[in-house]
Amino acid sequence: MKTQEEKVYISFKKKFFDWFLAYDDYDDFSKVMMGLLFLLKQELMIKEATFFLFDPLKKLLYPEVTTNEEGHFHHVPPDYLVSMMDETKQPLYIDEDGPYTTARMLLYLPEEFIGILQLVYEKHQYFSESFLEKIEKDFSQLFSKMRKISRGLSEEKRYERLHHFTAKIHSSMKIDDVLEEIIYTLKQVYPSFTYYLFLSHDNQYHEHLPIKPLAFEENDENMAAMQAFLTGKIQLKDSIQLRRSILYAPIKGAQGVYGVLEIIAPHIMEFPKSEVNFISLLANTAGSALENAQLYEQSRRLVADLQLINETMHRLNANLRLQDALQFMVQQIKQSFCAEEVGFFLFQGAKKKLLPGSTPFFQSRQSKKYIEFVAKRIQTERDMVFLGDAKIHTSPSIPAFRSLMAVPMVQHGELKGFAVVLHRQPYHFTFEMFKLLQSLIHHSTLAFTNAMLREELERLVITDYLTKLYSRHYLDEQIKKSMHRDAFGTFILIDIDNFKEINDTYGHQTGDAVIVQVANIIKENVRDSDIGARWGGEELAIYLPKVGLTTGISIANRLAAKVRQETSPPVTISCGVSYWKKNRLEEASELFKRADEALYMAKRTGKNCVFVKDYHHQYKA
C-alpha cells in the first residue's frame, strides 16, 4: 500500500515525464531547472523551491534558479556552507526556525558536489526524511543528466552557430560585415552579456558598432585590453564584489592581432574553461576572417591608389600651367582624403612662397602658425609630418585643425618646398592616406618643377633680358590679337633723349642702367593688362588695350614727368602716341607708323615732350 507521499511523488514523476517529452529547449540548463522546480512546487504545494549552484573555485553557493518571482527567497546562511564542507556532512538538513520549514538537500554526483536544492513549506505540512532523501537522490541524478544533456545541446548549437559564423564571415570581404557578425553571433550565444570591440585609431568603421579606441591609458579596462593585444592571449578580470566577470579575447590572424573583443558577463564570477575555449575559437576565427578582409581591402586600396597616382600623373604631365596643375592636385587631395585645407609652398631662401591653387585658408593670417610649424619640422628633420591630434592653434579665434599631414617636395635630393593637408577632426587621416599622399607628392614634384621651368622658359622667350619688359615680337602678337578682339586701343612709342651722350659720358653700363630705370618706371605705372616692351636700343613701347586716346596721352605725360624726377643720372624721354578704332580697317603696322611719326616730331621740336598723331592731325599734347 503506497503512502500519500509516494503517490504525490509518482504524480510528480509522471507530470515531469510528460513535461520532458513536450519540452524542446534543453540546451538552456537554467530554463530546464526552472520548469522542473515549478513542477515540484506545484505538486508538493510548497511555498518555494530554489536551486543553489556550487562554485568549486570560489567555494561559494549562488542561486541558479528559484520559483520565488519576487526574488526575496530564503538564502543559505554563510555558516551553513562551512558545516556543509565538513567531513561529517549529511545529505539532508531540516530547519524549523521561524514560520516555515526549510529543507536543504545536498545534491551529489560521485566525487562531485553539484549544489543545494532548498524547499520551503509551511509547518503544518510534513515530509518524512525518507521522502526528502528520495528527492535528494533522484534530483542529484536528474540534475546531473539534465546538465549533461543541456551542455551537449548547448555545445552543439554553439558550434553550429560557429560553423555558420565561419561560413558567413569568410564569404564576406568587408571588415564591417565581419565585425557585425562577431557581435551578432555572441548575442545569439550569450544574450545577457555585453560586448565591445577595441580597435586602433587607424580603423574607420560605422558608428553603430560598439567600438572603443585601443589606446594606452592608465585605467584597468584599457590596460587589460592592451595586454591582450600585445600578448595575443586571453585576459580575465573577475569581480566578486560586482558579481561579474570580464574577458578580453585578442582578435588575431596569422600575421598579427587586429583588435580585442571585450565580453562582460554579469552574475558570473568566473568564466568556465569551456566558455573561454569557445570564445577563443570564435575570436581566432574572426581574426582570420578580419585579416583576409583587411588584406582584400588593402589590395583594393592599393589598386585604387595606383590608379589615382597614374591618372594624376597623366593629367599633370599634359603640359598644364603651374596654377592649373596645382588646382587639379589640390582638388584630388581634397576628394581622396576628404581634406578641408590643402597648401603647397616653395622655399625661397628664408621665405616660403605660397603656390597658386592652394586653398584660401593659407592666405589668411590664421594659417601662419601651421605654416611655420610645418616648415620648421621639415627643414630641421627633412622628414614627413603626420599628426592625429595636433594642438598648434594658440587662440580660440583660430580654426583648430587637429589632423595634419605634411610631405616635403624633394627634387634630385634638394628640398624644394612642402605640401600640407589639414582637417578639423582628430585622427581623420589614416596612415594609409599618409602613405598615399607621400606617393602623390613624390611623383608630382617633378611635374610641378617641369611646369615652373617651362613657364620660366616661356617668360624668357617673350621677355627682354635687360629690361624684363616684353619682347617686341610678343608686343606685335598681342596688338594684333587686341585689334581683332577689342574696340579700340592706344600705342605709345618712347625714346630716351640724348642717349648717346649718356653712353659717351658715363659708359655703356650706366646707359644700360638708365634703360632699366625707365623700364621700371613703365612697369610701375601701367596695369597688368597693359603691355610694356623694349622696341629696340633705347626705344621702349607701351600698348594700352581698350584705353582711349585722352587717357593714353595722360599716361604718356605722367611717364615723362616721372622719368625726369626719378632717373639718375637724370634723363628725359620723348613720346609718340597713336590709337586705333574698330570702325577703321587697318593693320598694326599703320598704328606703329603713326606713333613713329609722332615721336619723330617730338624729337625735332626739342625733345622731352609728347606728340600725338591721329587719323587726321599731328599735334603736341
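- In this structure, CG in Asp495 is found 5.0 Å from CD in Glu539, a value given to the nearest 0.5 Å.
- Looking only at atom types and distance, the side chain of Thr359 has a donor-acceptor partner in the side chain of Glu341 under 3.5 Å away.
- The closest side-chain heavy-atom distance from Val420 to Ile371 is not below 4.5 Å.
- Residue Lys581 places its NZ atom among 12 or fewer non-hydrogen atoms of other residues, nucleotides or ligands, all under 6.0 Å distant.
- In this structure, the separation between CD1 on Ile521 and OG1 on Thr567 is 6.0 Å, given to the nearest 0.5 Å.
- Proximity of Tyr619 to Asp614: side-chain heavy atoms (C-beta onward) are separated by under 4.5 Å at one or more points.
- Checked by atom type and distance alone, the side chain of Ser578 pairs as donor or acceptor with a backbone atom of Leu591 at under 3.5 Å.
- For residues 504-516, every residue pair satisfying the salt bridge (Lys or Arg N to Asp or Glu O under 4.0 Å) rule, not counting sequence neighbours, is listed here: Lys500-Asp504.
- Sorted by first and then second residue, the pairs that involve residues 548-570 and meet salt bridge (Lys or Arg N to Asp or Glu O under 4.0 Å), not counting sequence neighbours, are Lys562-Glu566.
- Remark: Tyr506 OH is loosely packed, at most 12 non-hydrogen atoms of other residues, nucleotides or ligands lying under 6.0 Å away.
- Side-chain atoms of Tyr370 come within 3.5 Å of backbone atoms of Phe401 as a donor-acceptor pair (strictly under, hydrogens ignored).
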Show the numbers, then the answer: is there a side-chain contact (heavy atoms from CB on, under 4.5 Å) between Leu436 and Glu432? CA-CA 6 Å; Leu436 175 58; Glu432 285 73 21; over 6 Å; no
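- Atom CZ of Arg604 is surrounded by 12 or fewer heavy atoms from other residues, nucleotides or ligands within 6.0 Å.
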With side-chain contact (heavy atoms from CB on, under 4.5 Å) as the criterion, how do Arg534 and Ile515 come out once you've worked through the C-alpha distance, each side chain's angles and the decisive distance to 0.1 Å? CA-CA 10 Å; Arg534 189 174 185 186; Ile515 294 174; 3.8 Å; yes
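- Rounding to the nearest 0.5 Å gives a distance of 8.0 Å between CG of Leu469 and CG of Asn520.
- Looking only at side-chain heavy atoms (C-beta outward), Phe373 and Leu387 come within less than 4.5 Å of each other.
- In terms of modelled atom types and a separation under 3.5 Å, the side chain of Asp464 and the main chain of Thr467 share a donor-acceptor contact.
- Taking the six-membered ring wherever Trp is involved, the centroid distance between the rings of Tyr543 and Trp580 does not fall below 6.0 Å.
- Closest non-hydrogen pair, Pro250 versus Val257, comes out as CB-CG1, 4.1 Å.
- A ring-centre distance under 6.0 Å is not found for Phe198 and Phe229.
- Under the 4.5 Å side-chain criterion, counting only non-hydrogen atoms from C-beta, Lys593 is not in contact with Lys613.
- Salt bridge Glu586/Arg594: present, at least one basic N to carboxylate O contact under 4.0 Å.
- At a threshold of 4.5 Å between non-hydrogen side-chain atoms, the residues Val610 and Ile492 do not count as touching.
- Counting heavy atoms from C-beta on, the side chains of Phe361 and Glu340 never come closer than 4.5 Å.
- Of all heavy-atom pairs between Ala419 and Phe344, the closest is CB-CE2, 3.5 Å.
- Expressed to the nearest 0.5 Å, how far NZ of Lys352 lies from CZ of Phe345 amounts to 9.0 Å.
- Side-chain contact between Gln332 and Leu440 is absent, with no heavy atoms from C-beta onward closer than 4.5 Å.
- Remark: side-chain polar atoms of Arg377 are not paired, donor with acceptor, to backbone N or O of Thr380 under 3.5 angstrom.
- Open room surrounds CD on Gln509; 12 or fewer heavy atoms of other groups in view lie less than 6.0 Å from it.
- Other residues, nucleotides and ligands contribute at most 12 non-hydrogen atoms within 6.0 Å of the OH atom of Tyr470.
- Annotation: side chain of Val571 is not in contact with side chain of Phe499 (no heavy-atom distance under 4.5 Å).
- When ring centroids are compared, Phe418 and Phe347 come within the 6.0 Å threshold.
- Remark: side-chain polar atoms of Ser403 are paired, donor with acceptor, to backbone N or O of Tyr427 under 3.5 angstrom.
- The shortest heavy-atom contact between Pro408 and Met384 is CD-CG, 3.7 Å.
- Using a distance-only test at 3.5 Å, with no hydrogens or angles considered, a donor-acceptor pair links the side chain of His428 to the main chain of Cys338.
- With values rounded to the nearest 0.5 angstrom, Ile555 atom CD1 is found 4.5 Å from Leu544 atom CG.
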List the steps and the verdict of side-chain contact (heavy atoms from CB on, under 4.5 Å) for Ile553 and Tyr579. CA-CA 10 Å; Ile553 293 170; Tyr579 79 106; over 6 Å; no
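- Looking at every heavy atom in both residues, Ile496 comes nearest to Lys603 through O-NZ, 3.9 Å.
- To the nearest 0.5 Å, atoms CG (Leu599) and SG (Cys609) are separated by 9.0 Å.
- The shortest heavy-atom contact between Gly357 and Val330 is O-CG2, 3.4 Å.
- Within 6.0 Å of atom NZ in Lys546, 12 or fewer heavy atoms from other residues, nucleotides or ligands are found, so the atom counts as exposed in its surroundings.
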Can Ile573 and Leu540 be said to form a side-chain contact (heavy atoms from CB on, under 4.5 Å), step by step? CA-CA 10 Å; Ile573 60 173; Leu540 308 173; over 6 Å; no
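- No hydrogens or angles considered: a donor-acceptor pair under 3.5 Å links the side chains of Ser574 and Asp497.
- Nearest heavy-atom pair across Val385 and Ile378 is CG2-CG1, 4.3 Å.
- His617 places no side-chain N or O within 3.5 Å of a backbone atom of Val612 that could act as its donor or acceptor partner.
- In this structure, Phe491 has its ring center closer than 6.0 angstrom to the ring center of Phe592.
- Of the possible polar contacts, one joining the Lys582 side chain to the His484 backbone as a donor-acceptor pair under 3.5 Å is found.
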